[in-house]
Amino acid sequence: MTTPLPGHPVRGSTTGRPIMALLDLLGRRWTLRILWELRDSALTFRALQQRCDGVSSSVLATRLRELGEADLVGNAEGYSLTGQGRSLFGTLVQLDAWAADWRPRQPS
């Protein structure tokens, strides 16, 4: 499976629209959790794996590779959010605030 990136067909869309690539990437198992755990500081692979409730090392390595290819996570002195990753995280925090107030209509 390849990393979803703007300009390329992704799961559920052949248009290559950036939003579709982003939603494909964020919808993959563990991706949002990894971004969440990297919100405050850089973490080693092992520390990140522990914070992610023991996600398998192969899945974590794959997600970190994908997030790196998407320029959302870098690895200098541990894994951390890049500038684009921090920007995306700020948007996700706003989405989280919206979701906290979400009240679906009750069936009549």
Side-chain angles (χ1 to χ4, degrees):
M1 191 177 291
T2 60
T3 301
L5 297 171
H8 301 280
V10 296
R11 238 180 349 162
S13 176
T14 59
T15 65
R17 292 182 58 209
I19 188 66
M20 297 306 292
L22 179 64
L23 291 175
D24 186 358
L25 180 61
L26 295 179
R28 294 182 175 196
R29 284 181 310 149
W30 295 102
T31 299
L32 287 169
R33 178 67 182 268
I34 292 165
L35 293 172
W36 180 261
E37 294 301 339
L38 294 175
R39 71 192 178 280
D40 293 325
S41 62
L43 295 171
T44 64
F45 186 92
R46 185 173 300 273
L48 184 55
Q49 186 177 26
Q50 289 172 343
R51 286 201 185 178
C52 289
D53 299 323
V55 59
S56 75
S57 59
S58 62
V59 169
L60 181 56
T62 298
R63 293 302 170 260
L64 288 170
R65 179 188 51 76
E66 292 170 343
L67 290 166
E69 289 175 1
D71 193 30
L72 299 175
V73 169
N75 183 12
E77 294 181 23
Y79 292 93
S80 62
L81 298 178
T82 63
Q84 286 192 118
R86 286 188 301 277
S87 175
L88 172 60
F89 187 78
T91 301
L92 293 174
V93 167
Q94 293 174 4
L95 190 58
D96 179 55
W98 180 89
D101 291 332
W102 183 21
R103 300 291 179 261
R105 185 176 19 173
Q106 299 299 316
S108 305

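Source: prediction; values computed, not measured. Residue numbers run from 1 in the order of the sequence given.
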| query | Is there a side-chain contact between E37 and C52 (heavy atoms, below 4.5 Å)? | reply | yes
| query | For the atom pair CG (L72) and CD1 (I34), what is the distance rounded to the nearest 0.5 Å? | reply | 11.5 Å
| task | Please assess L67 against T3 for the test side chain to side chain contact (heavy atoms under 4.5 Å, CB included), listing each intermediate value before the final yes or no. | result | CA-CA 8 Å; L67 290 166; T3 301; over 6 Å; no
| field | Where E66 and L25 come nearest, the two heavy atoms and their spacing | value | CB-CD1, 4.1 Å
| task | Would you indicate whether the side-chain heavy atoms of M20 and P9 approach each other to under 4.5 Å? | result | no
| said: Can a donor-acceptor pair be found, under 3.5 Å and without considering hydrogens, that links the side chain of T62 to the backbone of S58? | reply: yes
| message | Keeping R33 on the side-chain end and R51 on the backbone end, is there a donor-acceptor pair under 3.5 Å? | response | yes
| request: Working to the nearest 0.5 Å, report the span between CG of L60 and CZ of F45. | output: 4.0 Å
| query | Say you draw a straight line from CZ of F89 to CG of L32; how long is it, rounded to the nearest 0.5 Å? | reply | 10.0 Å
| Passes side chain to side chain contact (heavy atoms under 4.5 Å, CB included), S80 versus V73? Steps please. | CA-CA 6 Å; S80 62; V73 169; over 6 Å; no
| task | State whether the side chain of D24 and the backbone N or O of V10 hold a donor-acceptor pair below 3.5 Å, judged by distance alone. | result | no
| message | Tell me every residue that passes salt bridge (charged side-chain N to carboxylate O under 4.0 Å, His left out) with R39, counting only those two or more places apart in sequence or in another chain. | response | none
| field | Expected output: side-chain R63 to main-chain R29 donor-acceptor under 3.5 Å | value | yes
| task | Spell out, as yes or no, whether a donor-acceptor pair under 3.5 Å connects the side chain of Q49 to the backbone of V55. | result | yes
| Sequence neighbours excluded - salt bridge (Lys or Arg N to Asp or Glu O under 4.0 Å) pairs with any residue from residues 69-91 | R65-E69
| query | So how far is it from W30 CH2 to S56 OG, rounded to the nearest 0.5 Å? | reply | 8.5 Å
| query | Roughly how far, to the nearest 0.5 Å, is OG1 of T44 from OH of Y79? | reply | 9.5 Å
| message | Test side chain to side chain contact (heavy atoms under 4.5 Å, CB included) on L48 and L38; report intermediate values, then the result. | response | CA-CA 8 Å; L48 184 55; L38 294 175; 4.1 Å; yes
| remark: dist S57:OG -> L64:CG (nearest 0.5 Å) comes out at 11.0 Å
| message | Which heavy atom of R11 sits nearest to which heavy atom of G27, and what is that distance? | response | NH2-C, 4.1 Å
| task | Using the rule that two of Ile, Leu, Val, Met, Phe, Trp, Tyr join whenever any of their side-chain heavy atoms come within less than 4.5 Å, decide whether V59 and W36 are in one cluster. | result | yes
